[in-house]
Number of protein chains: 2
Amino acid sequence: MSPNDQIELRRMRRKKKSNSTMKDVADLAGVSVSTVSHVINGTRYVEDSTKDKVLSCIAELKYSPNIIAQRLNGLNLKTIGVLVSNLQGSFFHRLVSSLSTLANKNEYDLLVCDSAENTELEKRHINTLLKKGIDGLIFAPVDHKTHYTELDQRTVPFVQVDRVSDSCKSDYIGINNYLQAQLITRTLIERGCRRIGFVRTEGSRYRGERLSGYYQSCNDAGIYDEALIIRVSTDSSNEKEILEWYRKQSPVDAVICSNADICYKVLHSLDRHLTTESSTVIFSFDNNKWFDLLQFPLLSLDQPIELIGRMAFETLLSRIEGNDDPFKKIFVDCDIVNL
Amino acid sequence: MSPNDQIELRRMRRKKKSNSTMKDVADLAGVSVSTVSHVINGTRYVEDSTKDKVLSCIAELKYSPNIIAQRLNGLNLKTIGVLVSNLQGSFFHRLVSSLSTLANKNEYDLLVCDSAENTELEKRHINTLLKKGIDGLIFAPVDHKTHYTELDQRTVPFVQVDRVSDSCKSDYIGINNYLQAQLITRTLIERGCRRIGFVRTEGSRYRGERLSGYYQSCNDAGIYDEALIIRVSTDSSNEKEILEWYRKQSPVDAVICSNADICYKVLHSLDRHLTTESSTVIFSFDNNKWFDLLQFPLLSLDQPIELIGRMAFETLLSRIEGNDDPFKKIFVDCDIVNL
DNA sequence: TTGAAAGCGGTACCAT
DNA sequence: ATGGTACCGCTTTCAA
C-alpha cells in the first residue's frame, strides 16, 4: 500500500460520514472553490452559465456549507447563548420559550445553559459559550457582585435580564426589582397588613433588590421585623420549616414570595391554614397560569415575560449588528394582579 | 459608563480583540506549535522544562484553545442538540431542565430548538443542528410519518423521546403511549365511566398512539363515540369551544387530556361545572406540581420525566462514545396518580 | 470573469 | 524530545 493510499484511507476514516464539501462541488463543476464560494454568497459576479452549473452541482451533491468552517473565518454562527440562573423555575422557562420563538423567526439557535445559582458553574458556562463562538449572550447573573472578567473583554455583545450585576456594564431588560418590591409592600400595607413575611431563595447569592425594596417600605411604615424574613432553598422540600415559621410569627397578614416556585412551596406548606383559619394574603413576584385555578387569597406581579424576552432579543440583535449606543437599562412596567 | 469607556470598548470590539492563539504561545515559549499542542493534550512526551515553560506562557497569555478550530479537525464540540415539538409545554420544559442538569454534570452544552409542531421548522432545525456540529441529538418528532432523510444518514447519533417516528430507526425512551392510554381508559371504565371524552392537540400532526389506545379500550367496552373526541389548539384560547362541546356531549363522565397544558385549558373552561353540577373526572397525560393545589377531581399519569431525561442522555452519550448495539425502545413505567 | 493561494486555529503525521 | 507542515472547509485578497 502506497503512502498515498494510506493517507486516503485515513482521510476516509476520519470523515467517514462527512458531507460533501465545497471542493467536491468545485471538482464536479470543473471550476475553482472560490467560484463556488462566490456563487453561494453572491460576493462577486459569476457568469450565468457557470453559476447554473455550480448551482446544479450543489443540488446534485446536496451540498450545504459547513458553518463551523465559516465561523473559523469570522462569520456569525447564528447562535446566541442563553445563560440563566435557574432553568427549573417557571420564570426562566417562559423566558427561554419566548426567546426560542424569536430565535426561530430570526434563524438563530439557542445555546441554553443553566448556572443553577452557582457562580462556579456560571463562570464555566460563560467560558465555554464564548469559546463555542456564540454571536451574543442573554444573561441572568447569579450574583450581583461577581466580576465577569471574560464578559468585560466584550468579545461578544450581551444583555442582562431579570437581574443585574454591579460590575458588568451592559444593557438590561426587566422589571425594576427594587421599586416593584417597594410598591408591592406598600400596597399590602395600605390594605391593612402589618405583619408582612418575605420568603427569599436560599440558594441565590443575589443581593436581592426585592428584599431591599421590601425593607424600605416596611421601615417607612415602622413595621419592619427581621423575624418575618425566611430563606427557603429551591430544591429541598421545606414544608415543615415554612409552617413552623408561619406559626411562630403568627399572625402573618401577608407573605411575599420572591418567585412563583417559592410561592408554590408556601402554598403547599400552608395549604389548609390559608383556606380556613387565617386571612393571610400570599403575594408572588411572578405569576403563572395555574394561579387562575387556585383557591387561595393570591396576589401577584404580572411580569411581561414575553416582552422582556422580545426586548432582550432585539437589543442583543442590534448589538450584534454593530449598534454602539450607550447601554440602556430598560425597566418594563407590570401590574399587580388580584386573583 | 463614561464616554471614554464607550470609546475604548468600541476600539476593542473593532480590533476583533481576538484571543491569543497557539502560535502566540509557541512564539512566546520559543517552541513549535506542535509542542504546545502536545503539552496541552498530553499526546506525547515533552521534557519537563519545556512543558513548564509552555504552561507558564499559556497562563501568561490566558490562552485557551478555540473549540471551533478543534471541531474542524473532527473533535467533539461537547454540544448536544435538543429538538422538541413544543417548548412551551410543561412536559418539555421539565425534560429540558433535566437534560440541562445532566449536561452540566458531563460538561456538555445544549443547543435547544423548538419545532413548534411544525414539520418545516423541524426540518430546518435538524439541518442547522447537524451543520453546527452537534455530537448527538435528543429528538421528539412532530410527526410520525415524516421521513427524516438527514438523520438517516447517521452523521450523528440520536435518540427519540416521547414520540417515535415510524420511519427513522433509533433508540427510544419514553412511556408506551398506546398501552398507557389503553390502561387509563380501562381504569376509567372500571370506575364506572361510560362517556369518556378525549381532548387532543390541534396543532400536532402526530398520529396519536394515545388516541389509538383510547379508541381500543372504548371499543372493547362498546362505548366508543366519535363525538366525544375534540381537537384543541395549543396556542389560541378555546374556552367557549370546549365548554360547548362539554355541554353538548353531557353527561361526560371523564375527560382525558393529552397533556398537562391541554388539561389546564379544560379545567379553565369547565371550572365551575366541575366543582358543582357534575362529577366528571379529568385525566391528564402528564402531571405537574400545581395539580396538588387544585380542587378538581383529577387523575394523572405520573411520567418520570427526570428518568426519561437521564436515560435519553446516557443512551445518547454511549452512542456518541461509539456504542453500536442494536437500537432499543425503552418504555418506562408510570403510575396513575389520584389527586 | 475566474483561479490560486493565504489565512482562520488547531491536530497529527513526518521527519530529525 | 522536538520541529515542520499538510490538512480540516471555507472566505477573501491578489493576479491574471
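Predicted model, so just to flag it, every value in this text is computed and none were measured. In what follows, every chain begins at residue 1, and chains take the letters A, B, ... in the order their sequences are listed.
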Separation of [N] [atom2] from [X] [atom1] (nearest whole Å):
{"X": "B:Lys51", "N": "D:dA1", "atom1": "NZ", "atom2": "C1'", "value": "12 Å"}
{"X": "A:Ile68", "N": "C:dT11", "atom1": "CD1", "atom2": "C1'", "value": "16 Å"}
{"X": "B:Ile58", "N": "C:dG9", "atom1": "CD1", "atom2": "P", "value": "16 Å"}
{"X": "B:Met22", "N": "C:dG7", "atom1": "CE", "atom2": "P", "value": "17 Å"}
{"X": "A:Asn76", "N": "D:dC10", "atom1": "CG", "atom2": "P", "value": "17 Å"}
{"X": "B:Ile67", "N": "D:dC8", "atom1": "CD1", "atom2": "C1'", "value": "17 Å"}
{"X": "B:Lys23", "N": "C:dG10", "atom1": "NZ", "atom2": "C1'", "value": "13 Å"}
{"X": "B:His38", "N": "C:dC14", "atom1": "NE2", "atom2": "C1'", "value": "12 Å"}

Residue [X], side-chain atoms from C-beta onward, closest of [options]:
{"X": "A:Ser32", "options": "C:dA4, D:dC10, C:dA12", "result": "C:dA4"}
{"X": "A:Arg44", "options": "C:dG3, C:dG10, D:dG3", "result": "C:dG3"}
{"X": "A:Ala69", "options": "D:dT11, D:dT5, D:dC10", "result": "D:dC10"}
{"X": "B:Thr35", "options": "D:dC10, D:dT2, C:dT1", "result": "D:dT2"}
{"X": "A:Tyr45", "options": "D:dC10, C:dT1, C:dT11", "result": "C:dT1"}
{"X": "B:Thr21", "options": "D:dT12, C:dG9, D:dG9", "result": "C:dG9"}
{"X": "A:Val46", "options": "D:dC10, C:dT2, C:dG10", "result": "C:dT2"}
{"X": "B:Glu47", "options": "C:dG9, C:dT1, D:dT2", "result": "D:dT2"}

Spacing of B:Gln160 atom CD and B:Lys169 atom NZ [to the nearest 0.5 Å]: 9.5 Å
For [N], does the base pair up with any side-chain atom of [X] as donor and acceptor (N or O, under 3.5 Å, distance only)?
{"X": "A:Ser34", "N": "C:dA4", "answer": "yes"}
{"X": "A:Arg71", "N": "C:dG10", "answer": "no"}
{"X": "B:Ser37", "N": "C:dG10", "answer": "no"}

Closest-nucleotide ordering on DNA chain D, the 5'-leading residue of B:Asp48 and A:Asn41: B:Asp48
So that I can tick it off, tell me whether [Y] and [X] are bridged by a salt bridge, with the cut-off set at under 4.0 angstrom between side-chain N and carboxylate O.
{"X": "A:Asp109", "Y": "B:Lys132", "result": "yes"}
{"X": "B:Arg124", "Y": "A:Glu107", "result": "yes"}
{"X": "A:Arg163", "Y": "A:Glu117", "result": "yes"}

Touch class at under 4.0 angstrom, heavy-atom based, for B:Val33 against every strand present: base
Check: B:Ser167 main-chain N/O paired with B:Ser165 side-chain donor or acceptor under 3.5 Å: yes
Minimum heavy-atom distance B:Leu99-B:Leu110, with the two atoms named: C-CD2, 3.7 Å
Short side-chain N/O contact from A:Asn66 to OP1 or OP2 of D:dC8, under 4.0 Å: no
N/O (side chain, B:Gln70) to phosphate O (OP1/OP2, C:dG9) under 4.0 Å: no
